[in-house]
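Only a predicted model underlies this, so the values are computations on that prediction, with no experimental measurement involved. Hydrogens, waters and symmetry mates are skipped; everything else that's a heavy atom, side chains included, is used.
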Amino acid sequence: MDRKVNKKLMDIYFSLYNYFGPRHWWPSKNDFEMILGAILTQNVAWKNVEVAIENLYKNNLMDPVSICSASDEAIIDAIRPARFFNQKAKYIKAFCRHLIDCYDGKLGRLFDKDISSLRDELLSLPGIGEETADAIILYGAKKPIFVVDAYTRKLVRLLNLLDEPVNYSRVQLYFMSNLETDVYLYNEYHALIDAWGNRICKGKTANCSQCPLVNQCTVKRDDKIEASAGGS
DNA sequence: TTCCCGCCTT
DNA sequence: AAGGCCGGAA
């Protein structure tokens, strides 16, 4: 019954889990906040998103009706720290408009849909691409789908798990067809990869001496790429 | 100056 | 495939 489980992927998971511990994702008070956070965090440091979310609460904009009736300027003013505020204000408004028009503003009704049609519907909305849609399905609707981000692809490359091209659907299929279908496992796995990607294996500093995956990694990067690469 | 839990349009 | 979006901490 566990035939499909790939030992290498579980070894990576436990290496990360033993190092970082449970990540308690998604960091939000409710599903609506989670969804806005997923849109706001696109290509932005999470710390900035926290400020934007706090601003939305302060201005009573953390519900679909208030967002739909608010001016673009009011939303932009609140989410400014999250970058790309002109587009993101439109995206957030469009999602709330859709939620109200189609589901009477009730997320539970949207989340009742099956994964496949829910995903298609989310992808049809502006500003929601594959990663954001899958994050909403996993961390909002609590349905089993694996979230792939830039860190996941970096991990796949450095550990040589797949040949090129390491595109979204291939990476997602690889994880989902080699892991048990489990919401908790998918939740922690993605969150752990995120912690690894933004705390350990960063752009210019690989920190291999601290990396919990150093033994599984095929590309031995130096701790200080800049300092050692072609130097002297 | 770099880098952040992307997406959309050419 | 590449550029635009575009604030803030390190």
Side-chain angles (χ1 to χ4, degrees), chain A residues 13 16 20 22-28 31 33-56 58-59 72-95 98 119-141 145-158 164-172 175 186-207 210 213 221 223-227 229:
Chain A
Y13 173 78
L16 292 170
F20 292 109
R23 307 308 305 148
H24 307 292
W25 269 32
W26 183 285
S28 62
D31 292 337
E33 180 191 317
M34 182 270 142
I35 291 171
L36 296 199
I39 293 171
L40 291 173
T41 199
Q42 291 165 4
N43 206 32
V44 182
W46 178 253
K47 182 165 286 192
N48 289 28
V49 178
E50 291 181 322
V51 179
I53 287 175
E54 195 49 43
N55 289 342
L56 288 170
K58 283 181 189 164
N59 292 288
D72 286 0
E73 291 70 35
I75 298 172
I76 287 169
D77 197 49
I79 69 172
R80 187 172 297 277
R83 298 179 78 190
F84 316 122
F85 39 82
N86 287 307
Q87 329 185 66
K88 286 178 180 176
K90 289 189 174 65
Y91 298 158
I92 286 171
K93 225 169 183 175
F95 175 81
H98 179 78
R119 190 173 199 268
D120 288 344
E121 187 168 331
L122 291 170
L123 288 175
S124 75
L125 297 173
I128 299 185
E130 292 188 286
E131 181 183 341
T132 307
D134 291 336
I136 292 170
I137 294 168
L138 178 64
Y139 294 104
I145 195 159
F146 200 89
V147 179
V148 176
D149 66 351
Y151 297 145
T152 313
R153 283 182 244 196
K154 176 166 68 176
L155 183 146
V156 166
R157 286 205 180 88
L158 292 179
E164 297 288 343
V166 182
N167 60 45
Y168 195 99
S169 56
R170 279 195 68 207
V171 173
Q172 182 175 56
F175 277 89
Y186 290 178
N187 177 324
E188 286 294 350
Y189 212 141
H190 172 70
L192 288 164
I193 289 174
D194 175 82
W196 168 81
N198 66 30
R199 297 189 198 186
I200 306 293
C201 198
K202 306 171 141 184
K204 288 188 179 171
T205 310
N207 296 309
Q210 307 167 235
L213 302 179
R221 302 171 69 197
D223 264 6
K224 299 230 171 91
I225 304 278
E226 292 294 281

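Computed from coordinates, the A/I200 CD1 to B/dC4 P distance equals 14 Å when rounded to whole Å. Atom CD in A/E50 sits about 11 Å away from atom P in B/dC5, given to the nearest Å. Atoms NZ (A/K202) and P (C/dA10) sit 10 Å apart, rounded to a whole Å. Look at CG on A/N48: it is 10 Å from P on C/dA10, rounded to the nearest Å. The CZ-C1' distance, from A/R199 to C/dA9, rounds to 16 Å in whole Å. Rounded to whole Å, atom C1' of B/dG6 lies 17 Å from atom NZ of A/K90. When rounded to the nearest whole Å, the span between NZ of A/K88 and C1' of C/dG4 equals 13 Å. Atom CD1 of A/I35 is separated from atom C1' of B/dC5 by 16 Å (rounded to the nearest Å).
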Using a cut-off of under 3.5 Å, enumerate the N/O to N/O pairs linking the protein to nucleotides 7-9 of chain B.
from: B/dC7; atom 1: OP1; to: A/G129; atom 2: N; distance (Å): 3.0
from: B/dC7; atom 1: OP1; to: A/G129; atom 2: O; distance (Å): 3.4
from: B/dC7; atom 1: OP1; to: A/T132; atom 2: N; distance (Å): 2.9
from: B/dC7; atom 1: OP1; to: A/T132; atom 2: OG1; distance (Å): 2.5
from: B/dC8; atom 1: OP1; to: A/G127; atom 2: N; distance (Å): 2.9

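Interface residues of residues 76-86 of chain A facing DNA chain C, ordered by number: A/R80, A/P81, A/R83, A/F84, A/F85, A/N86; criterion, heavy-atom separation under 4.0 Å.
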Checking side chain to side chain contact (heavy atoms under 4.5 Å, CB included) for the pair A/L213/A/L158: CA distance, chi angles, key distance, verdict? CA-CA 10 Å; A/L213 302 179; A/L158 292 179; over 6 Å; no

Quick one: do A/I53 and A/L36 satisfy side chain to side chain contact (heavy atoms under 4.5 Å, CB included)? Show the steps, please. CA-CA 8 Å; A/I53 287 175; A/L36 296 199; 5.6 Å; no

Begin with the C-alpha distance, continue with both residues' side-chain angles, and end with the deciding distance and a verdict on side chain to side chain contact (heavy atoms under 4.5 Å, CB included) for A/D77 and A/E73. CA-CA 6 Å; A/D77 197 49; A/E73 291 70 35; over 6 Å; no

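Taking every heavy atom of both residues into account, A/V147 and A/Y139 meet most closely at CG2-CE1, 4.2 Å. Contact between A/E164 and A/R157 at its shortest, heavy atoms only, is OE2-NE, 2.8 Å.
With P as the reference atom, C/dC5 and B/dC5 are 22 Å apart, rounded to whole Å. As rounded to the nearest Å, C/dG3 and B/dT2 have P atoms that lie 15 Å from one another.
The residue A/W196 sits apart from the nucleic acid: no heavy atom pair falls under 4.0 Å.
The backbone N or O of A/V148 sits less than 3.5 Å from a side-chain atom of A/Y168, completing a donor-acceptor pair. Not a single donor-acceptor pair under 3.5 Å links the side chain of A/E188 to the backbone N or O of A/P22. Checking side-chain atoms of A/K88 against main-chain N and O of A/A82 turns up a donor-acceptor pair under 3.5 Å.
Between A/N198 and the phosphate of B/dC5, there is a side-chain N or O to OP1/OP2 separation shorter than 4.0 Å.
For the ring-ring contact (aromatic ring centres under 6.0 Å, His included) criterion with A/H190, the lone passing option out of A/W25, A/Y13, A/Y151 is A/W25.
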